[in-house]
Each structure stands twice: as structure tokens, then as C-alpha cells.
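Okay, so here's the structure we're looking at.
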There are 2 protein chains.
Amino acid sequence: MTDDKQSTKTRLLDAAEKLFADNGFDEVSVRDLAAVADVNVAAVNYHFQGKENLFHEVIRRRFMGQKDTTLASLAEVMARAEERPELAAIIRAIVGSYLEGALVQDGGMRIMALITREMHSNYNTRHMVFFKEMIAPIFAAFSAAMLAARPSLRQEDVNWLIASVVGQIHHFIMRRVKCDSLDPADDTRSFMILAFPVLDAPMDEFVSAVTDHITRFSTAAVDGMHPEVTP
Amino acid sequence: MTDDKQSTKTRLLDAAEKLFADNGFDEVSVRDLAAVADVNVAAVNYHFQGKENLFHEVIRRRFMGQKDTTLASLAEVMARAEERPELAAIIRAIVGSYLEGALVQDGGMRIMALITREMHSNYNTRHMVFFKEMIAPIFAAFSAAMLAARPSLRQEDVNWLIASVVGQIHHFIMRRVKCDSLDPADDTRSFMILAFPVLDAPMDEFVSAVTDHITRFSTAAVDGMHPEVTP
DNA sequence: GACAGAATAAAACACATGTTTGAATTATGC
DNA sequence: GCATAATTCAAACATGTGTTTTATTCTGTC
């Protein structure tokens with residue numbers, strides 16, 4: 001099990017990452033994986049112990065680091081705060097670092113979309129690991145941060161607010177990925193871009209535009225729903 | 001082709017609706033459908049012309065009506081408006097009538113989630129019909145309504161706002177369906193309900209709570225981002 | 001009651017799937 | 001340089017898929 005670069009194992013992981021992200025778990029066959037990675041079909045079961053395990057490795061490799069950077073980014077905001085952390089900064093930290101997973105490499109956004117889909121799909125509980133290892137910690141940190149920023153909020157309020165923020169993040173990721181996956185000549189794609197030109201912009205522009213919008217939208221919403229009482 | 005009640009055809013449609021909604025298109029086999037509907041496997045291809053067509057019929061039967069009620073509900077708000085329609089009423093009409101699709105019958109929410117998933121999944125462009133026949137008209141009406149309510153908004157602003165609203169709707173639907181599909185003893189489910197007790201409430205309570213939250217959240221956001229200039 | 005056409009049924013078809021096998025090849029340690 | 005382990009490979013395996021075929025039963029009409 002020497003982890004040489006470009007070994008069969010890593011080639012398989014790379015191919016799996018791209019294929020799974022583009023097509024989803026069920027839609028990719030072991031033979032597809034083997035063909036793209038240029039390895040034998042048996043390699044999947046030899047190096048990982050089945051297709052499902054390979055999938056989990058793909059996720060672990062890319063997504064767990066993401067969790068850490070998100071938490072770190074949030075922690076930094078909290079540390080820099082004088083008395084009360086700023087609500088907009090908190091939301092921006094969460095949204096931004098989540099979306100920036102899309103920028104780390106080509107296809108990063110597809111990976112984020114893959115996770116989103118797998119979490120949303122209620123077909124199988126088999127990939128539920130993400131939820132516990134990944135979502136729960138971020139949720140807890142996000143929640144604590146918002147309570148610190150707005151002490152008058154009840155926990156229940158915070159949960160509603162977070163849900164609204166997360167829903168927006170997911171939606172914009174899905175839109176982008178869907179748009180990217182369509183043929184440039186497809187008129188559904190044209191329709192989407194006409195309504196949302198930023199879907200066709202370079203990924204970094206998209207990320208910053210979306211981050212900005214969600215932050216401003218959500219901050220305004222919180223301010224409107226729960227006006228801050230200045231002490 | 002006599003459309004008797006309880007005919008093979010309708011039994012197949014009913015079984016398909018439930019199975020597809022619970023498990024998704026690819027996860028349901030023709031043999032599953034036949035078994036639940038208590039018909040022969042060949043019936044799927046005899047009455048519909050293949051599994052995919054059956055799926056489309058399921059959607060058409062349930063979702064196209066939904067589109068009409070949503071548009072009607074929005075039209076009513078616009079007609080009742082004195083000078084400018086009220087923003088909150090518009091948002092409530094859209095969100096409410098979309099979510100109320102969950103109440104029309106047992107499993108209605110699952111159908112909504114099914115549509116959401118199929119639209120989100122970029123694996124195949126094969127179910128794209130929904131987008132053109134269903135989403136586009138609602139989007140256009142929603143957009144026009146918001147412009148009427150806030151004439152100072154640019155079309156681009158409206159598109160962003162709508163995306164934020166739709167993202168929230170999808171997210172709450174997904175949460176509820178995911179929660180419902182989990183075993184009552186599952187601790188992920190417990191975790192979700194702890195943070196969001198309404199996920200465990202009766203469906204009508206859930207729908208009204210979510211409708212209320214999204215409406216207030218989004219209205220506050222729009223008001224905060226684009227303060228209305230009183231004439 | 002006989003007969004066409006629609007509906008159902010059991011079986012088979014053709015193919016794709018994840019996984020396993022067992023031999024051939026390559027790498028490793030001494 | 002050789003024995004031993006690790007890896008690769010082609011082939012086969014077992015199973016599940018959507019669909020088609022062919023025969024049989026049901027149904028309505030004259």
C-alpha cells in the first residue's frame with residue numbers, strides 16, 4: 001500500500017471524484033471508473049472494498065478539510081470581534097467558505113453539489129455520515145456565533161434563520177452546476193442565464209456575487225425580523 | 001382504454017406515485033411497481049410505453065394542476081390589490097400554494113420533494129419538461145408581481161430575490177421529507193427534530209409555520225435591501 | 001353463442017451491474 | 001537472484017434491469 005503519486009489508488013480516487021461529481025453515485029458504474037482511471041475493473045474492489053467505500057473516500061478526502069476551513073473562518077471572525085461579533089461577518093464567513101470549496105480546483109463546485117444532492121436525497125440513508133461528521137459541527141458553530149451576535153434571539157429563531165441561509169446556499173450551488181452541465185446550445189440553459197447572467201460568469205465572480213447576495217439578503221432579513229436593541 | 005376507476009392503469013399510476021415519491025425514479029424497478037399495483041410486469045409497457053413515460057404521467061397528473069392553483073392564487077392577490085400589490089401577500093401566495101401541494105393527500109409532500117430532486121439532479125436532462133412547462137410560467141408571474149409591488153427594483157434584483165425564496169422553499173421541503181423518511185428511532189432524526197420541532201408536527205402545522213417564516217424572512221430582506229420610497 | 005379486439009399472464013430476452021476468481025505479472029526484502 | 005508478497009488482468013459469476021414475445025383470458029358486440 002505504498003502511496004506513490006499517480007498510483008492506481010489515487011488515479012482511481014481522482015477519476016471517481018470527477019465521475020461521481022458529474023453524474024452521481026448510482027449513475028457511475030465500476031467499469032466507467034476503471035475506464036477513466038485506466039485500471040482494471042477489479043482494482044476498485046481490491047484497493048477499496050467495493051464501490052461504496054471508494055465513494056466515501058472521495059468525500060472524506062475533499063470535504064472534511066472543507067469543514068475545518070469553514071470552522072476556522074468562523075472562529076477567526078469571532079476572535080476578531082470586539083464585544084459582539086458582527087452578524088454580516090458571520091454569515092459571510094459561513095457562506096463564503098462553503099462556496100469557496102468550488103474554487104479549490106476544477107470541478108470543486110460539482111463536488112459541493114454532489115454532497116448537497118446526497119444529503120438531500122432521501123432514497124438511502126447510506127451516506128448519512130456527512131450529516132453527523134460534517135453538518136452537525138458547522139451547524140453548532142454557526143448557531144453559537146449567531147447567538148453571540150444577537151443575544152436577544154432564542155435558539156429556535158436561530159435555527160430558522162440558519163435554515164434559510166443554508167437553503168439559499170444549496171439552491172445557488174445547484175443552479176450553477178445544473179447550468180454548467182447543460183449544453184451551451186440548450187435553450188433551458190439560455191433561459192437560466194438570461195435571468196441570471198452570473199451563472200455564466202467565471203467561477204470566482206459567481207462565488208463572490210452569490211456570497212454577497214446571500215449575506216446582504218439574510219442580514220437584512222434578520223435585522224428586519226429581530227431589530228437589534230442597542231444597549 | 002376505458003378509464004374505469006381502479007383499473008390496472010390507475011392502480012399502476014397510484015403505485016408509481018407512491019413508489020417514485022418515496023424512492024426516486026432510478027431506485028424503483030418495473031417489478032416493484034407491478035408488485036405494489038398487483039399487476040403483471042408487462043402492464044407497464046402495455047398501458048404506458050415504458051417506465052419513463054409512466055413517470056411523466058405521474059408528474060403530469062399531480063403537478064400541472066399545482067401550477068394552475070399557484071398562478072391563480074397569485075392572480076387573486078394581484079387583482080385584490082388597490083394600487084400596489086403587497087409584497088408579503090405575493091410571497092405568501094407563492095410559498096403557500098407551493099407547499100400546500102403537500103396537503104392535498106397523503107404523500108403530497110413527497111411528490112413535491114420528488115419534483116425538487118428531479119429538477120436539482122443534473123444527472124440527466126430527461127425530466128427537463130418540468131422546467132419549461134412548470135417553473136418558467138410561475139417564475140414569470142412571480143417576477144411580474146414583484147416588479148409591480150416594488151417598481152423601483154430592477155429585473156436583476158427581482159431574480160436574485162426569487163432565487164432566495166425558492167431556495168428556502170426547497171430546503172424546507174427536503175428537510176421535512178428526509179425527516180419523515182427516517183426511522184423514528186434514528187438519532188439523526190432526533191437531532192433534526194430537536195433543532196426543528198416543527199419537523200415532527202402535523203403536516204398542516206408545518207406548512208403554515210414554514211410559509212410564515214419564509215414570508216416574513218424574505219419580506220424583511222427585501223425591505224432591508226431595497227427600502228421602499230413612499231411617494 | 002361466436003367472434004374480434006383488448007387486456008393479462010408467464011416466460012424469455014438482451015444487457016448492465018457489482019463482485020469474485022484464479023492465473024499472470026510486477027514489486028519487495030533479504 | 002530468488003522467494004515471497006503485492007498488484008494487475010481477463011474472464012466469469014450471480015443478479016437485477018427494462019422490454020418483448022407468445023399464448024391465454026376477458027369483454028363487449030352482433
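Predicted model, so just to flag it, every value in this text is computed and none were measured. Letters A, B, ... are given to chains in the order of the sequence lines, protein chains preceding strands, and every chain is numbered from 1.
- In this entry the distance linking NZ of A/K9 with C1' of D/dA6 reads 13 Å, nearest Å.
- Salt bridge annotation for A/D14-A/K18: absent, with no cationic side-chain nitrogen under 4.0 angstrom from a carboxylate oxygen.
- Remark: the B/D212 side chain and the B/T215 side chain contain no N/O donor-acceptor pair separated by less than 3.5 Å.
- Side chain to side chain, A/T10 and A/S7 meet the donor-acceptor criterion of an N or O pair below 3.5 Å.
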List the protein contact pattern of nucleotides 10-22 of chain D with one symbol per nucleotide (5' to 3'): B for base contact, S for sugar-phosphate-only contact, - for none; contact means a heavy-atom distance under 4.0 Å. BBB----BBBB--
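- The side chain to side chain contact (heavy atoms under 4.5 Å, CB included) test applied to A/A209 returns A/V198, B/W160, not counting sequence neighbours.
- Separating the CG atom of A/D38 from the P atom of D/dT7 is a distance of 18 Å, rounded to the nearest angstrom.
- Taking only side-chain nitrogens and oxygens, A/T8 never comes nearer than 4.0 Å to OP1 or OP2 of D/dT7.
- No side-chain N or O of A/N53 forms a donor-acceptor pair with one of A/E57 less than 3.5 Å apart.
- Put simply, CG on B/L12 is 13 Å from C1' on C/dA7, counting in whole angstrom units.
- Each salt bridge (charged side-chain N to carboxylate O under 4.0 Å, His left out) pair with one or both residues in residues 194-208 of chain A, not counting sequence neighbours, appears once here: A/R189-A/D200.
- When rounded to the nearest whole Å, the span between OH of B/Y46 and C1' of C/dA7 equals 5 Å.
- Note on B/H47: a side-chain N or O is less than 4.0 Å away from OP1 or OP2 of C/dT8.
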